[in-house]
Protein chains: 2
Amino acid sequence: MRDGTKISATEKRSRGRPRAYDPQAALAQARDAFWKAGYAGTSLDDIAAATGMNRPSLRAAFGDKHGIYLRTLADYWASKFELMHAALDGDDRLANSLMKVYDASLALYFGGEGPARGCFVVGTAITAAHADVEVQQLVTEGFLTLDAAFARRFERAKTEGELAAAADATTLALLATATLQSLAVRARTGAARASLRAMARKMVDTLCGG
Amino acid sequence: MRDGTKISATEKRSRGRPRAYDPQAALAQARDAFWKAGYAGTSLDDIAAATGMNRPSLRAAFGDKHGIYLRTLADYWASKFELMHAALDGDDRLANSLMKVYDASLALYFGGEGPARGCFVVGTAITAAHADVEVQQLVTEGFLTLDAAFARRFERAKTEGELAAAADATTLALLATATLQSLAVRARTGAARASLRAMARKMVDTLCGG
DNA sequence: ATATTTTTGTTCCATCGCGCATAAAAATAC
DNA sequence: GTATTTTTATGCGCGATGGAACAAAAATAT
């Protein structure tokens, strides 16, 4: 029983019967359901059970299963971008700011109850992408955004003298994204959080120091 | 209509009606079916259609859906290990041997008909792993094997003087595996093969040169 | 108070998915 | 030629899945 599922009374309500559930909270629960079992492995009944809504209400609010999934995917990316921004745009040194990305990501991957769920994109969207152009598009754009964010940070490190002027910021960014994807993959298959953190630490040191 | 689906006549046959299909070929087609739609997205009817067998025959030969999947996963890893072996254990210089791994992998990821399917493990097993301890186990072991193979190759490069003695072969191996996983992810979401190859090239150069 | 609007909740229907039971076919053993 | 063995092939049943229709509820507008 989460708090905040009920709609807040501060919204201007139009005319009919008020919604029993907050759309954002419902989407978050739907996202958690997809997160566990993947797109194909999650039924509308599962989502209905997770949100407390019933199927017709779900349909009226968010459309069909595909529509619900696309919205949860977009929401996930938004939170991921925010995480990147918070981690990379601070005053930390390069290695520390990268570790902030990986630490915050691991917190996400090991969040929720039950075994680690990994990254929502790597854990659910990659499988669905093969038969779904819209998912392909969202995932591609998302990872390119991560690449760009990392690249900006490496560039900044060059101008600040933390990184050799000859370093290739773009390629380092690709390796930083790959590191994130590797953590995501390994988290979902049962790796211990501490060992993943140690892995990230070593990879970061190699990317920054080497 | 593939050739080699029919059983070869050279096997000693026991007593009853002979099998109409070669188990290995059938498993390969089942693997292709899973590869496209993932574990949850593939039904036994899909597999029956892909193999040309009917459900009772599938069941008698390989067990239920889960059993079929585990066998295809094990087969995939075996071929992947062989690929690694062929690429890394030759006389090539370090960077070239790594590129052989990525080139052979891309050939696999872009194989089959239709859009690129990416890596079987990343594309199907990661999603399934969350609810399946056996899949978790197989995937974990598989990636650790890749890590070890890369690490051996980096160590060899150190003894052969291609890599600085101070280089951390273990961490470089983690980055090499992460590079492979990144290619796998991006291939399934529509990236062009040429751009992925260029990506791999740059990452390899940074890992070896930097 | 009545009408209108919007959402909720129940129910039905057609389809799919998977296991199982049973019949038919194709080989060998005697 | 008949029996036995192993596999193929067909069909049935039950539960799950997803869409839609319809009635009830809870708010506002007049």
Side-chain angles (χ1 to χ4, degrees), chain A residues 1 5-27 29-30 33-34 36-72 124 127-128 131-132, chain B residues 1 5-27 29-30 33-34 36-72 124 127-128 131-132:
Chain A
M1 294 295 179
T5 302
K6 297 286 180 179
I7 196 168
S8 67
T10 58
E11 310 192 16
K12 73 140 200 254
R13 49 187 61 161
S14 48
R15 202 146 114 90
R17 175 171 176 169
R19 287 188 153 150
Y21 298 93
D22 173 27
Q24 274 313 113
L27 274 180
Q29 325 243 136
F34 281 127
K36 285 183 198 150
Y39 178 71
T42 305
S43 71
L44 282 181
D45 280 323
D46 294 332
I47 301 176
T51 58
M53 300 167 70
N54 40 37
R55 286 205 309 279
S57 293
L58 274 175
R59 181 167 200 73
F62 311 116
D64 62 2
K65 180 178 164 181
H66 189 244
I68 301 177
Y69 181 74
L70 289 182
R71 294 189 60 164
T72 63
T124 74
T127 300
D132 193 324
Chain B
M1 294 293 176
T5 301
K6 297 286 178 179
I7 198 168
S8 68
T10 58
E11 311 193 14
K12 74 142 198 255
R13 48 187 62 161
S14 48
R15 202 144 112 92
R17 176 171 176 170
R19 287 188 153 149
Y21 298 93
D22 173 27
Q24 274 312 115
L27 274 181
Q29 324 244 138
F34 281 127
K36 284 184 199 150
Y39 178 71
T42 305
S43 70
L44 282 182
D45 281 322
D46 293 332
I47 301 176
T51 58
M53 302 168 68
N54 41 36
R55 285 206 308 281
S57 293
L58 274 175
R59 180 167 201 74
F62 310 116
D64 62 2
K65 180 178 165 182
H66 189 244
I68 301 177
Y69 181 74
L70 289 182
R71 294 189 59 163
T72 63
T124 74
T127 300
D132 194 324

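Convention: sequence-line order gives letters A, B, ...; per-chain numbering from 1.
B:Y39 carries B:K65 over the face of its six-membered ring, with the cationic atom under 6.0 Å from the centre and within 45° of the normal.
Rounding to whole angstrom units, CG of residue A:L58 and C1' of D:dA20 are separated by 15 Å. Following rounding to the nearest Å, B:D22 (CG) and D:dT7 (P) show an atom-to-atom distance of 14 Å. Straight-line distance from the NZ atom of B:K65 to the C1' atom of C:dC16: 12 Å, rounded to whole Å.
If you check distances only, the side chain of B:R15 never reaches the base of D:dT5 with a donor-acceptor pair under 3.5 Å. For a distance-only test at 3.5 Å, the side chain of A:R17 fails to qualify as a donor-acceptor partner of the base of C:dT6.
DNA chain D is contacted by A:S43, A:L44 of residues 38-47 of chain A, taking any non-hydrogen atom closer than 4.0 Å.
With rounding to the nearest 0.5 angstrom, the CG atom of B:L44 is 11.5 Å from the CG atom of B:N54. We find the CD1-CD1 distance between A:I47 and A:I68 to be 4.5 Å, quoted to the nearest 0.5 Å. We find the CG-OG1 distance between A:D132 and A:T127 to be 12.0 Å, quoted to the nearest 0.5 Å. Residue B:T51 holds its OG1 atom at 12.0 Å from CG of B:D22, rounded to the nearest 0.5 Å. Note that CG of A:D64 is 11.0 Å distant from CG of A:L58, once rounded to the nearest 0.5 Å.
The shortest side-chain heavy-atom distance between A:F34 and A:D46 does not fall under the 4.5 Å cut-off.
Note on B:S57: a side-chain N or O is less than 4.0 Å away from OP1 or OP2 of D:dT8.
Considering only side-chain atoms of A:R59, the nucleotide from D:dT5, D:dG19, D:dT7 that sits closest is D:dG19.
Put simply, the side chain of A:Y21 never gets that close to the backbone of A:M53: no donor and acceptor are under 3.5 Å apart.
Counting only N and O atoms by type, the side chains of B:Y69 and B:T124 include a donor and acceptor under 3.5 Å apart.
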(message) How would you summarise protein contacts on nucleotides 10-15 of chain D per nucleotide, using B for base, S for sugar-phosphate only and - for none, with heavy-atom distances below 4.0 Å?
(response) B-----
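Toward the 5′ end of DNA chain D lies the nearest nucleotide of A:D64, the other residue of the pair A:D64 and A:G16 mapping further downstream.
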